[in-house]
Amino acid sequence: MAFALPVWLAVQEELLGHGGADSGAPSCFDEFDDEALFQMFHLTRPCIAFVTDAVSNRMKKVDLKKPALSVDAMIMVALNHYAHGVSAAAVLQRVGLSQADCLALISTVSGVIAGMSDQFISFPLIREARANVAFNTEKFCGIPNVLGVLAPAHFKIRASPYEKDTFRSFVNTLGYTSVVSQIICDSDGNILSVEKCCVGSTFEQEMWDSSFKGREMEEELHGSYWVIGGNGYHLSKHVLTPVSEPENDNDARFNEAHAKIHDVMRTTLGSMKRRFRCLMQLGFAQEGSLDKKSNIIKACSILHNIAKKFSVPPPPVAGKIEALHPGKQHSVPVEINSEALKARQELINGYFSVVSSSQDPPSKCITEEDV
């Protein structure tokens, strides 16, 4: 679950049960029929109504300097930009703004939505929630005691090649310029945590070590649970990586299960980038000021979770869904944590031996359409 049920119900009751920000008032979204609405914003009418009410309520608490547009018009511009990466002519004509004028407005709305992350993005904090997430993950892939999938999410940006040092800092392992955020999702593709926004060359292990969630996990504030990590992370007591050189069938079965749950992040990010095409290219960025990019990434993550709650399908797949980025390896070999190695081996022996594998959970393949 992307955020605690009581939180979701409380927000839903406040916004919808009491009529939202402007109950019954005409909205600028009303002029679009349902099909046009989805094409323009990649969201459905009920979902947009919920988002509009949530953001409107939040904006009442933000000191805005005499906005030239109504709040729902500002939200319309932002949602359209998220969906397509540029503002549609119909939207610009509707609000009477140029493409350039929209950028500051989108930045403002993104900051407001990002500030709602405590409501709509939450890691399982109570015992019951952790047990529920771990149960669903084990049912999906057979690996027990897992709270989520951990991965670096890269988003393309433009950087000036004339500023060589800055440019190089944005170049990632696949050779293009990006910013990277640390994301954790559950087995259903709900975003549980979004942290950091760093230059594309940043090591994912460094992000984990310096992140709030990384410190909380490694200090066992969330109990004896794992998160699934790829080859760019170090095996630890709480980050479960695949066996780099499998020696037997047990190791191979574990790696297959690990790859299955790890692939959920690929489909989740693929779904987000199809729904919010602004994530395919975030524009120009400077190393010292990534807050605006971070806000857009968080805003789209929040809207992704809300869209899932309203069962809004993402737009159809167009082309190949990009793979997760290969881990960035340090040039100096890292000493493996012996306790973590022992814990992983005990897990493999207990759940992926010939005996235990005969009781494998039913296979379930997540596709891009599921997230």
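All values below were derived from every heavy atom in this structure, side-chain atoms included, with hydrogens, water molecules and symmetry-related copies excluded. Numbers here simply count residues along the sequence, with the first being 1.
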For this session: Validate the cation-pi geometry between R168 and F170: distance from NZ or CZ to the six-membered ring centre under 6.0 Å, angle to the ring axis within 45°.
Result: no
Flag for Q205-D209: side-chain donor and acceptor within less than 3.5 Å: yes
Checking side-chain polar atoms at under 3.5 Å, does S210 have a donor or acceptor matched by the opposite partner on K196?
yes
| task | Assess whether side chain to side chain contact (heavy atoms under 4.5 Å, CB included) is satisfied between I48 and L37, documenting all intermediate values. | result | CA-CA 9 Å; I48 289 174; L37 206 65; 3.6 Å; yes
Could you give the distance from [atom1] ([X]) to [atom2] ([Y]), rounded to the nearest 0.5 Å?
| X | Y | atom1 | atom2 | result |
| --- | --- | --- | --- | --- |
| N231 | H262 | CG | NE2 | 8.0 Å |
| M74 | C102 | CE | SG | 10.5 Å |
| K342 | K237 | NZ | NZ | 11.5 Å |
| L303 | F50 | CG | CZ | 10.5 Å |
| L192 | S122 | CG | OG | 7.5 Å |
| K260 | C141 | NZ | SG | 7.5 Å |

Which heavy atom of [X] sits nearest a heavy atom of [Y], and at what distance?
| X | Y | result |
| --- | --- | --- |
| I261 | S187 | CD1-CB, 3.9 Å |
| V109 | A78 | CG1-CB, 3.6 Å |
| C197 | I297 | SG-CD1, 4.2 Å |
| S193 | K213 | OG-CE, 4.0 Å |
| L147 | P124 | CD2-CG, 4.3 Å |
| V180 | P152 | CG2-CB, 3.6 Å |

Are [X] and [Y] close enough that some pair of their side-chain heavy atoms sits under 4.5 Å apart?
| X | Y | result |
| --- | --- | --- |
| M207 | E195 | no |
| F32 | R94 | no |
| I113 | Y82 | yes |
| H42 | F276 | no |
| I296 | C278 | yes |
| D251 | Q345 | yes |
| F120 | I191 | no |
| V149 | T268 | no |

Give the cluster check for [X] versus [Y]: same hydrophobic cluster or not, with ILVMFWY residues linked at side-chain heavy-atom distances below 4.5 Å.
| X | Y | answer |
| --- | --- | --- |
| L79 | V86 | no |
| L92 | M76 | no |
| V91 | L103 | no |
| L341 | V243 | yes |

Within the distance-only criterion (no hydrogens, no angle test), does the side chain of [X] pair as donor or acceptor with the backbone N or O of [Y] below 3.5 angstrom?
| X | Y | answer |
| --- | --- | --- |
| R344 | P242 | yes |
| D30 | S27 | yes |
| R274 | P315 | yes |
| Q182 | W208 | yes |
| H234 | I336 | no |
| S224 | E220 | no |
| K293 | L282 | yes |
| R275 | A307 | no |
| H258 | G229 | yes |
| H304 | S271 | no |

- Under the side chain to side chain contact (heavy atoms under 4.5 Å, CB included) criterion, do D188 and F140 qualify, and how do the steps go? CA-CA 9 Å; D188 291 320; F140 176 77; over 6 Å; no
Exactly one candidate in L347, T137, L150, T241 meets side chain to side chain contact (heavy atoms under 4.5 Å, CB included) with W226; the answer is L347
Pair V239-E218, side chain to side chain contact (heavy atoms under 4.5 Å, CB included): steps then yes or no = CA-CA 9 Å; V239 177; E218 299 299 351; 3.7 Å; yes
If you draw a 6.0 Å radius around OH in Y176, do more than 12 non-hydrogen atoms from other residues or ligands fall strictly inside? yes
message: Does E256 have more than 12 heavy atoms from other residues, nucleotides or ligands lying within 6.0 Å of its CD?
response: no
**OP:** For the pair S56 and D72, evaluate side chain to side chain contact (heavy atoms under 4.5 Å, CB included) and give the outcome as yes or no after the intermediate values.
**Re:** CA-CA 7 Å; S56 296; D72 65 329; 5.7 Å; no
Only residue of D249, N250, N255 satisfying side-chain hydrogen bond (donor to acceptor under 3.5 Å, both in side chains) with R253 is N250
